Structure formats: structure tokens, C-alpha cells
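Every value quoted in this text rests on a predicted model; they were computed, and no experiment measured them. We use all heavy atoms of the structure for the numbers below, so side chains are in, but hydrogens, waters and symmetry mates are not.
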Amino acid sequence: MLWILRTGRKLTATQIADSLEISVRTVYRYIDALCASGVPVIAESGHDGGIRILESFKETPLFFNSVEVKALVDAFKFAQGAGYPYTEELESALKKVENGLHEEQRHDLSRRSNGLDVISPSRLPSVVPLLRDLEQAAKDGLTVRITYRKANAEKDDGREVDPYGLAYDRNEWYVVAFCHRSQAVRTFRVDRIARLEPTEACFEKPERFSASVYFSDQSEREREADGPMTVIRIEGEPDTLNAVCRHWHMRHYLTERTDREVWFLLDVPTMNKYLPMYLMTFGTAIRIREPLELRRQIQELAYGIAKHYDEDSD
């Protein structure tokens with residue numbers, strides 16, 4: 001019935017009933033259901049009367065229940081908090097959906113969506129246009145020239161890159177790109193790009209490239225060796241374990257998690273190189289249950305630091 005009304009014609013209940021092979025009573029029941037869903041159905045009586053929908057509804061082809069609309073509003077909040085480059089367009093689309101709601105639905109949406117807020121991290125105002133330019137360059141297959149600020153570097157670094165895609169990870173935006181200078185795929189934090197210029201050079205992105213898959217593969221390549229695997233069991237408070245699990249490297253080796261314990265499966269060479277110093281930063285907030293070798297290494301590190309400061313006091 002909705003598709004019939006969207007043609008713009010004014011029809012009587014009898015005409016609609018005959019077209020759909022239903023009763024007039026069912027037509028009026030459908031009208032009530034459409035109105036409850038936010039469709040502006042107008043029923044006019046009289047000689048020239050009939051049933052029609054407002055012209056504005058032609059731009060609102062989808063229906064959402066109250067929870068779905070709330071989910072869209074919440075998604076907008078998360079996108080805004082992440083610095084999503086098309087926040088304005090997303091907000092405009094959301095307003096179009098909200099305009100199709102009747103007064104009772106709008107009140108219900110306001111009530112449902114007031115309970116969730118997203119605290120946005122501070123970001124440079126230049127990040128949004130950079131994200132748009134990088135995404136467009138990836139779409140068009142155009143090489144760009146960037147001026148990049150490395151962490152703790154004394155001066156900016158210029159290079160040409162082929163942007164393959166964007167990724168949002170740990171509250172930061174990254175561009176995964178082929179670097180012409182290093183002749184390898186690299187990741188660059190977008191907020192550290194001081195300047196971006198398009199070039200006339202073109203490139204072809206690898207087929208079925210995925211930035212998220214690349215990040216996962218990178219973590220796997222960071223392993224020191226294909227040595228023997230060991231189970232790492234850590235005990236601690238839930239918030240502290242959350243911080244351990246969010247580590248860019250550790251999260252890929254998580255195998256099991258409870259409120260008080262977490263298990264990782266990692267090769268021994270990588271464990272020996274990275275974990276003692278990293279886990280020691282949590283102090284007494286965590287306790288290493290296994291392996292014993294990792295506990296011993298952390299003890300030695302802690303003893304060495306304590307001895308260092310003890311000698312300073314002498």
C-alpha cells in the first residue's frame with residue numbers, strides 16, 4: 001500500500017482495497033499502522049477526497065523502529081567522537097530520518113538517546129580535511145606528497161606515498177600507504193601529517209586490500225621468532241586487565257578472559273624481549289601467575305631498579 005501511495009496519486013480506500021485484493025477495513029488498519037510508524041498519511045473526506053501521503057515522505061523510503069533510530073543517533077555520537085570525516089553528512093542524513101517521525105516518536109527518541117554520551121579526545125582541526133583528502137586519494141589511486149612529523153624527531157620528514165586505506169585504532173586515525181622512499185607499506189598517524197599535496201602520479205591498490213587485516217598481520221610479524229609457545233596467565237583488577245588487553249601487540253594473542261584473570265598465548269622469544277618491561281609498568285596492580293620464567297625476569301628488573309636508586313642514596 002505504501003508503494004501505491006508513493007506514486008503521488010490520491011486514492012480512495014476502495015481503490016486501494018481492490019488493487020491489493022484486501023478489504024476496506026484492512027486498508028484503514030494499514031493506515032493506522034503506517035501513521036504509527038511515522039508515515040504522514042492524509043485521509044481527506046468529501047467528493048474530491050482520498051488517501052495520500054505528504055510529498056516530503058518521498059525522500060524517506062526506509063522505516064526504523066524506536067531502537068533502530070536510537071542506534072543511529074548513538075552511532076553518530078561515536079562517529080563524532082572518533083573524528084569521522086563525514087560527520088556533517090551523517091548528521092544531515094540523521095535529521096532526514098528524524099523529520100519523518102511524528103511528535104510522539106521524536107519524544108521517545110529524545111528519551112531513549114539521552115542516556116549515552118561519547119567523550120571526544122582533543123584533535124587537531126586539520127585532521128578532518130586530511131582524512132577526506134587521503135580517502136579521496138585512495139579512491140582515485142593518486143599518489144600524495146606528505147610532510148610527516150615523527151615522534152621525537154627534530155624536523156619534519158617529506159615523502160611520497162600511495163594511500164591504500166584509513167584505519168581507526170586506539171583513538172587515533174592511521175593511513176596505510178606504500179612509501180616510495182622505503183619501498184614498503186607503512187602506517188602513518190594522520191595527526192602527524194603536517195602537510196599534504198596531491199601529485200599527478202597514479203597507483204593501483206592491491207586487490208582486496210584491508211587496513212584492519214594489515215594491522216593484524218603487522219602484529220604477527222612483530223614476533224621475534226617461531227619459537228616455542230607459552231601460556232601467559234595474569235591476575236588483576238578488571239580495569240587493569242582491560243589496559244593490558246588493549247595493548248597494540250598483546251590484544252592479538254588473547255585467548256581467554258574472566259573478570260580477574262586473562263590468558264595469552266605467545267612465543268617465548270617475543271615474551272622475553274617485550275613483556276618483562278611492559279608488564280612491570282603495572283606495578284602491584286597485576287600478578288603474573290605463569291610462566292615462572294616471566295615472573296623471574298620481572299623480579300630481576302625490579303631488583304635492578306631498586307638497587308640503582310639504593311646506590312644513589314649512598
* Asked: How long is the gap from CD on Glu235 to OG1 on Thr258, to the nearest 0.5 Å?
  -> 9.0 Å
* More than 12 non-hydrogen atoms from neighbouring residues, nucleotides or ligands closer than 6.0 Å to CZ on Arg195, yes or no? -> no
* Asked: Which residues satisfy the salt bridge (charged side-chain N to carboxylate O under 4.0 Å, His left out) test with Glu256, sequence neighbours excluded?
  -> none
* Are more than 12 heavy atoms from other residues, nucleotides or ligands located less than 6.0 Å from atom CZ of Arg287? -> no
* Determine whether more than 12 heavy atoms belonging to other residues, nucleotides or ligands lie under 6.0 Å from atom CD of Glu197. => yes
* Asked: Counting only N and O atoms by type, is there a donor-acceptor contact under 3.5 Å from the side chain of Arg112 to the main-chain atoms of Val67?
  -> no
* How far does CD of Glu200 sit from OG1 of Thr143, to the nearest 0.5 angstrom? -> 11.0 Å
* Cluster overlap Val127 with Val118, hydrophobic side-chain contacts below 4.5 Å -> no
* Classify the angle between the aromatic ring planes of Tyr148 and Phe188 as parallel (below 30°), tilted (30 to 60°) or perpendicular (above 60°). => perpendicular
* **More than 12 heavy atoms of other groups within 6.0 Å of Phe282 CZ** => yes
* Compare every heavy atom of Leu275 with every heavy atom of Leu266, then report the nearest pair and how far apart it is. => CD2-CD1, 4.0 Å
* Asked: Distance-only, no hydrogens or angles: does the Asp108 side chain make a donor-acceptor pair with backbone N or O of Glu104 under 3.5 Å?
  -> no
* Between Ser210 and Ser212, is a side-chain hydrogen bond (donor to acceptor under 3.5 Å, both in side chains) present by the stated rule, with each step listed? -> CA-CA 5 Å; Ser210 168; Ser212 61; 3.0 Å; yes
* Linking I/L/V/M/F/W/Y whenever their side-chain heavy atoms sit closer than 4.5 Å, directly or via other members, would Met250 and Val268 fall into one cluster? -> yes
* **Side chain Tyr253, main chain Ile232, donor-acceptor under 3.5 Å** => no
* Co-membership, hydrophobic cluster, residues Phe178 and Leu142, 4.5 Å side-chain -> no
* To do: Indicate yes or no: at least one non-hydrogen side-chain atom of Val144 is less than 4.5 angstrom from one of Asp133.
  => no
* Determine whether more than 12 heavy atoms belonging to other residues, nucleotides or ligands lie under 6.0 Å from atom CZ of Arg296. => yes
* Could you check Leu254, Asn242, Thr255 and say which one makes a side-chain contact (heavy atoms from CB on, under 4.5 Å) with Val262? => Leu254
* Asked: Given side chains that start at C-beta, do those of Val231 and Trp263 come closer than 4.5 Å, heavy atoms only?
  -> yes
* Asked: For the side chain of Trp173 and the backbone of Ala82, is there at least one donor-acceptor N/O pair under 3.5 Å apart?
  -> yes
* Structure fact -> So the salt bridge (Lys or Arg N to Asp or Glu O under 4.0 Å) pairs with at least one residue in residues 13-29 (sequence neighbours excluded) are none
* **Phe78 atom CZ, over 12 foreign heavy atoms within 6.0 Å** => no
* Asked: So, does Lys10 use its side chain to make a donor-acceptor pair with the main chain of Asp48 at under 3.5 Å?
  -> yes
* **Atom of Tyr278, atom of Ala243 and distance for their closest heavy-atom approach** => OH-O, 3.6 Å
* Asked: Between Arg132 and Glu88, is there a side-chain N and carboxylate O pair less than 4.0 Å apart?
  -> no
* Asked: Can you tell me how far CD1 of Ile16 sits from OG1 of Thr26, rounded to the nearest 0.5 angstrom?
  -> 12.0 Å
* Asked: Hey, does His180 have a side-chain heavy atom less than 4.5 Å from the side chain of Phe203?
  -> no
